[in-house]
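Before any comments, here is the structure.
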Amino acid sequence: MENQDPTPPAAAPAPNPERKTLDDRAKMTELERIRHSCAHVLATAILRLWPDAQFAYGPPVENGFYYDLECSHRISPEDFAKLEEEMKKEIKANNVFEKLTVTREQAIADAQSGRLGGLAERPGNASKFKLDLLKNIPEGEPISYFKNGDFIDLCAGPHVMRTGNIGAFKLTTVAAAYYKGDEKGPQLQRIYGTAFKNKTALEEWLKLQEEAKRRDHRKIGAEMNLFAFDADFTGPGLPLWLPKGGAILEELEKLAKETEFQAGYVRVKTPHLAREKMYTTSGHLPYYAESMFPPMQMKLEPEQETRVLNLQRRLEVVHEANSTIEQVIADQRRKKNSNFSSENLEQVQSELGSYKSEASTLNADIETLLSGNRYYLKAMNCPHHHRIFAAEPRSYRDLPLRLAEYGTCYRYEQSGELFGLMRVRSMNMNDAHIYCTPEQFADEFRAVNEMYLKYFKIFGLGKYQMRFSTSAPEGLGKKYVNEPELWKQTEDMVRKVLVESGINFVEVANEAAFYGPKIDVQVWSAIGREFTIATNQVDFAVPAKFGLTYRDRDNTDKTPLCIHRAPLGTHERFIGFLIEHYAGNFPLWLAPDQVRVITLGDDAPLLAAGKALVHELRQNFVRVTGDFTNEPIKAKIANAEHARVHTMLVLGPRDLEAGNVSVRLHTGGPQGAKPTAQVVADIVQSIKERRA
RNA sequence: GCCAGUGUAGCUCAGUGGUAGAGCAACGGUUUUGUAAACCGUCGGUCGUCGGUUCAAUCCCGACCACUGGCUCCA
């Protein structure tokens, strides 16, 4: 099963779907039609039980379908049996999916009467989402309904012919979803289900889901003692790497360090935290404060404290003066026959203005003093690396400068987003920043991409996709630094390299990093989960904010370009991915338990030979253990198999006499007896070559 | 952060309004073995936490915490 082709990219709708054209819709596969139709049947069933339900979207998705709705009843999985009963009735009735084309006026009238997405007219309960959807249908595009039984839905189709064509279905889960994916919009109930042509296909899918559960990195990670979460003591999203997981971590680091060394990188090391100034300068704090752990406010030095106290005292005085003046003005306004002349008023108001401006100066001064003693856990390594760049004068001769570091970063991911190792709050990054001139950019960028491909080959990753994320004009100055010209230049540069190197990529607008375009590498784990494991970003903005320069040939100072790259992403996510990719059956070089020497019984000569073999392997840097207990050989093998020990070496009297060991592989069963020296040499060589 | 579900021994899971059980693991013994589990015994749980209802709560109710499935987010 290993190296099985991962599930191909899903035809799931893009996160903020641009309107599909009718032509796009006509391309729906038969399975998608079944699922889309099943969504209508689900709506029909829901309405029979809870007639006030209002429906929004009900599309087919990767593994089934959903329908978003608003309803006074809170649907829970306990309702599924009832709902499925109703759905079965509708399918059994074998109603035709009848397409009706209507005028916009008619559609609006039907939505207002509550008829759309309903079984009948519902006075006082207009089909509000359908009304909204109608607005999005461009003038001139035909408006159509689909009707099955009493249920009429605003829908462009296509559908299967009859409800009876839905061979098999199952409701799977309920979730909340925001209308149109907008966090500020109304929250709807989303009912997920799946449907297939027939029962066999459904059962196959259910079996696949079971298999996926078995391959889940969280399950295998626990079975193999790779990592643990200790929510009570360490905190959620903060994994503890156990020795066996640590071994994998170590191997990946070794791989990266060797690869990067050969590629001309230099290694640096930076602290886990930094002053606030670091992140206000980098621009991260204004843009991403929410994703950072809150700051640590350190105690002030006595003189600083005195200054703050003085400033605060003055601020109090100013505030008091402020409110007195405001009071006076308010009083005068209330009194109609005021003897307060307009000149007086003006004077008082200007006084107020100057107090206000003093207050804001005071606040800023206090803030400056405090912020100097405020530290943040780093959410990224780049600002630190920028300061390393700044630590020495740089010449164009020093470029490209490739700073690499295994830096641990901390991000305050929202509680609902934590997900095993794939989404954590502390992460080991395979990070590096390449500072280069614009002329060097293409070569450097290409070399980084090649490094990705080298890694993918080692790990046997056949299916991947590069996502080239670019900016969008409307986000400039908000989501993205406001440098339209630089955006265009760098995006063109990146695009050119991608096209030239013939890498398969898709371009996605409006998803860039705030400081430049980026490339994310998406892969699909063996159980069909999609992950972004690697990232490669261009940064034309932040080096300038840090005032980074190099002296060029023409004796002027120039700002370098910076490439952020992390081909192995975070090790947390990468290992999570690898666990699922290999189903825990790692190749020898990665396996936490590489070799176990198992003696047949515990006779002294066997024991001595076994210990000597363990010693020899360990001196060759093989992760080896010995099982010299007096348990039956079957039990010892079973234990080793459960622990997913890659290679088992059995030593019995027969082997001892012949100078052999009997080799057994976790993934391949017994391999027969071989000369000990040859076996040791093979193992060492396989690890050295990082054989698959 | 939002919606829903789940929480019993290290792991996999039973179970009940009258303060809990199995298998595996661990530990101690017996067994001396040729490739997925030899036998006997021992230890192990404030039934996620805190409140409430009750004569009595692991069970019913509430809040919180964590995890899971989604949504939003992901430098």
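In what follows, chains are A, B, ... by sequence order, proteins preceding strands, each numbered from 1. Below, each value reflects all heavy atoms present in this structure, side chains not excepted, and no hydrogens, waters or symmetry copies.
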field: B/A36: pairing nucleotide in any strand, Watson-Crick or G-U under 3.5 angstrom
entry: none
message: Quick check on B/A36: is either OP1 or OP2 less than 4.0 Å from any side-chain nitrogen or oxygen of A/Arg664?
response: yes
message: Output the rounded distance in Å from CZ (A/Arg190) to C1' (B/G5).
response: 17 Å
Distance, rounded to the nearest Å, where A/His217 contributes NE2 and B/C67 contributes P: 12 Å
message: Tell me which nucleotide, if any, is Watson-Crick or G-U wobble paired with B/A20 when both distances must be under 3.5 Å.
response: none
- request: For the side chain of A/Pro77, starting at C-beta, report the closest nucleotide among B/G5, B/A75, B/C3.
  value: B/G5
message: Looking at the base of B/U33, is there any donor atom on it, or on the side chain of A/Glu631, that sits under 3.5 Å from an acceptor on the other one?
response: no
message: Please name the nucleotide paired to B/U6 by Watson-Crick or G-U wobble geometry with both distances under 3.5 Å, or report none.
response: B/A66
message: In whole Å, I'd like the distance from the CE atom of A/Met224 to the C1' atom of B/C11.
response: 16 Å
query: Which value, in whole Å, describes the distance between the P atoms of nucleotides B/U19 and B/C47?
result: 13 Å
- line: Rounded to whole Å, the CG-P distance (A/Asn660 to B/G34) equals 18 Å
- prompt: Rounded to whole angstroms, how far apart are OH on A/Tyr66 and P on B/C3?
  reply: 19 Å
query: If you round to the nearest 0.5 Å, how far is CZ of A/Arg218 from CE of A/Met422?
result: 8.5 Å
- line: By nearest-nucleotide position on RNA chain B, the 5'-leaning member of A/Ser415 and A/Lys636 is A/Ser415
- line: Winner on side-chain proximity to A/Arg74, out of B/G70, B/G34, B/A4, is B/A4
statement: Considering only heavy side-chain atoms of A/Tyr288, the closest of B/A66, B/A75, B/C71 is B/A75
query: Of all the nucleotides listed (B/C67, B/U35, B/G70), which has the minimum atom distance to the side chain of A/Pro236?
result: B/C67
- request: Consider the side chain of A/Ile633, meaning its heavy atoms from C-beta on, and name the nucleotide among B/U35, B/U32, B/C71 that approaches it most closely.
  value: B/U35
task: Give a yes or no on whether a salt bridge exists between A/Arg644 and A/Asp593, defined as a side-chain N under 4.0 angstrom from a carboxylate O.
output: no
query: Partner of B/A57 by Watson-Crick or G-U wobble geometry, both contacts under 3.5 Å, or none?
result: none
query: Considering Watson-Crick and G-U wobble pairs with both distances under 3.5 Å, what does B/C27 pair with?
result: B/G41
message: From the set B/C3, B/A4, B/A75, return the single nucleotide nearest to any side-chain atom of A/Ser291.
response: B/A75
Atom pair distance, as rounded to whole Å: CZ in A/Phe419 and C1' in B/C74: 14 Å
- request: Report yes if a side-chain nitrogen or oxygen of A/Arg218 is closer than 4.0 Å to either non-bridging phosphate oxygen (OP1 or OP2) of B/U68; otherwise report no.
  value: yes
- prompt: How would you label the contact of A/Phe229 with the nucleic acid (heavy atoms, under 4.0 Å): base, sugar-phosphate, or nothing?
  reply: nothing
message: Roughly how many Å apart are B/A63 and B/C73, using the C1' atom of each and rounding to a whole number?
response: 27 Å
- prompt: Is it true that A/Glu32 and A/Arg35 have a side-chain N and a carboxylate O under 4.0 angstrom from each other?
  reply: no
- line: Regarding the side chain of A/Ile637, the nearest nucleotide among B/G70, B/A36, B/G34 is B/A36
Same-atom distance (C1') from B/A75 to B/G7, integer angstrom: 35 Å
statement: Per atom distances to the A/Tyr178 side chain, the nearest of B/U72, B/A36, B/A75 is B/U72
task: Take A/Lys674 and A/Asp682 through the salt bridge (Lys or Arg N to Asp or Glu O under 4.0 Å) test and state the conclusion after the steps.
output: CA-CA 11 Å; A/Lys674 292 174 187 173; A/Asp682 275 357; 5.5 Å; no
- request: Determine the contact category for A/Ala175: base if any of its heavy atoms lies under 4.0 Å from a base atom, sugar-phosphate if only primed atoms, P, OP1 or OP2 are that close, otherwise nothing.
  value: base
Ring-face cation of A/Arg425 near A/Tyr410 (centre distance under 6.0 Å, axis angle within 45°): no
message: Of the options B/G70, B/C74, B/A36, whose atoms approach the side-chain atoms of A/Arg423 most closely?
response: B/C74
message: When the C1' atoms of B/C71 and B/U8 are compared, how many Å lie between them, rounded to an integer?
response: 31 Å
query: Which pair of heavy atoms, one from A/Thr194 and one from A/Phe65, lies closest together, and at what distance?
result: N-CE2, 3.6 Å
field: Pairs meeting criterion salt bridge (Lys or Arg N to Asp or Glu O under 4.0 Å) with involvement of residues 375-386 of chain A, two or more places apart
entry: A/Lys378-A/Glu405
query: Taking atom C1' in both B/G5 and B/G23, what distance in whole Å separates the two?
result: 27 Å
message: Which nucleotide, if any, forms a Watson-Crick or G-U wobble pair with B/C71, using both distances under 3.5 Å?
response: B/G1
Upstream residue (5' side of RNA chain B) when A/Asp232 and A/Gly416 are each assigned their closest nucleotide: A/Gly416
field: SB check A/Glu223 A/Lys219 (cutoff 4.0 Å)
entry: yes
- prompt: A/Glu641 side chain: which of B/A36, B/A75, B/C71 is closest?
  reply: B/A36
